[in-house]
Amino acid sequence: MNFQNEPVIAGRMQRKQTYGVTVKNGKNTVLIGQGAPVVVQSMTNTDTSDVEATARQVAELARAGSELVRLTVNTSEAAKAVPLIRDRLDSLGYDVPLAGDFHYNGHLLLTRFPDCARALSKYRINPGNVGQGAKKDAHFADMIAVACRYDKPVRIGVNWGSLDQGLLERLMNENAERRQPWPVQSVMYEALISSAIGSADRAVELGLGQDRIVLSCKVSGVQDLIAVYRELSRRCPYALHLGLTEAGVGSKGIVASVAALSVLLQEGIGDTIRISLTPGPGEARTKEIVVAQELLQTMGMRNFAPVVVSCPGCGRTSSGLFQKLANSTQDYLRAQMPLWKDRFPGVETMSVAVMGCIVNGPGESRHANIGISLPGNGELPAVPVFEDGEKKTTLRGENIEGQFQEIILKYVESHYGSKP
Ligand code: SF4
């Protein structure tokens, strides 16, 4: 085959068309699906009945960029706390919509605590955890009736760990009667997908609009998640929530989530994402937001904060200054974003290069909006800074970090400033 005349093109596929689901709190409207930018969401890990702690964590997640925050609603105390949390957030100026996560007793909590049902912007229903036999259908119908009454969207969230056992048993029996039975894993996939789509179709029969439904089928294996969502996306037009459940701790959790979600996003599948990380002791809950945003930004799907391009360093790197500068620049940019994003629209598309020596430093720095190339071993102690491809100045002396941040700030003010 002759490739000589073939252009090289980027490979991301068009977004799959899904129903658009609006999630509202006051004037804040978040659109999930219908080609809207992929929404970043997160979940609290506080005791929801603790109004102070939960409102504080929701505010922290919202400040970090969570566009929707889910909290567990598992007891009467938690249900009573929800409207108080909403009021607290509204009074502090945080209009991020709240989603309530219900299991087992959601039908009771949503009907007995109407203030909770009204204060939430979205309900998450797990069809595997709404009851057994005839009660299952009745409980599900009760929750959908509340969603219809208050015009709230729902996420029908099926989970590998709480799969509808009755449905699984039926599919296993049907499979056993096939002339060539499917592998057990395929029957499990089918059970997840059937549970989600069947429940959504039932909700529509009960009066909920198709544009009020988001679906998810969460599993903990990367290949399982990819297989399930490909099929789910092929078989239904509902907006899809992506997430690898029980992704794990540290780098394993991040890598597993990103590996699974990036394949699906690349194929145009997914309208909202959550990265389910187990925080390390003392680690901020907001890490999952940072990972979600960086995933979408590095894939070229959304921009949230200026990107720092930095080399890994090697034997040519002269000192710890390079590593320190790369990290402090990243931290500085992220810390400014709550202020900058309103004041300097477009700043989130800026790129900053921090490079360790002359080999790739000046070249990479010229590709970025702003670049700094530190001297490597044996190079003169001068630090050239580039702006928009041109050498702007040379820094010397002790406080390179502070001088560089001043240059970045001036660049931002002169290139993006349009609001007072
Ligand atoms: S730019 Fe220089 S310091 Fe950085 S990895 Fe390349 S050779 Fe090493």
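Every heavy atom of this structure was used, including side-chain atoms; hydrogens, water molecules and symmetry mates were not. On a predicted model such as this, the values are computed, not experimentally measured, just so you know. For ligands, and for the atoms within them, numbers begin at 1 and follow the listed sequence.
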side-chain hydrogen bond (donor to acceptor under 3.5 Å, both in side chains) with Gln41: of Arg155, His241, Arg274, Glu67, only one passes, and it is His241
Ring geometry between His107 and His139 (parallel below 30°, tilted from 30 to 60°, perpendicular above 60°): parallel
Taking atom types as modelled and ignoring hydrogens, do the side chains of Tyr94 and Arg63 form a donor-acceptor contact shorter than 3.5 angstrom? yes
Output all residues satisfying ring-ring contact (aromatic ring centres under 6.0 Å, His included) with His103, sequence neighbours left out; order by chain, then residue number. none
Counting distance only, does the side-chain N/O of Asp271 pair as donor-acceptor with the main-chain N or O of Leu240 below 3.5 Å? yes
Scan Leu109, Leu84, Val146, Val73 and name whichever one has a side chain to side chain contact (heavy atoms under 4.5 Å, CB included) with Cys116. Val73
Which residues and atoms, protein N, O or S only, are under 2.8 Å from atom 8 (Fe) of ligand 1? Cys314 SG
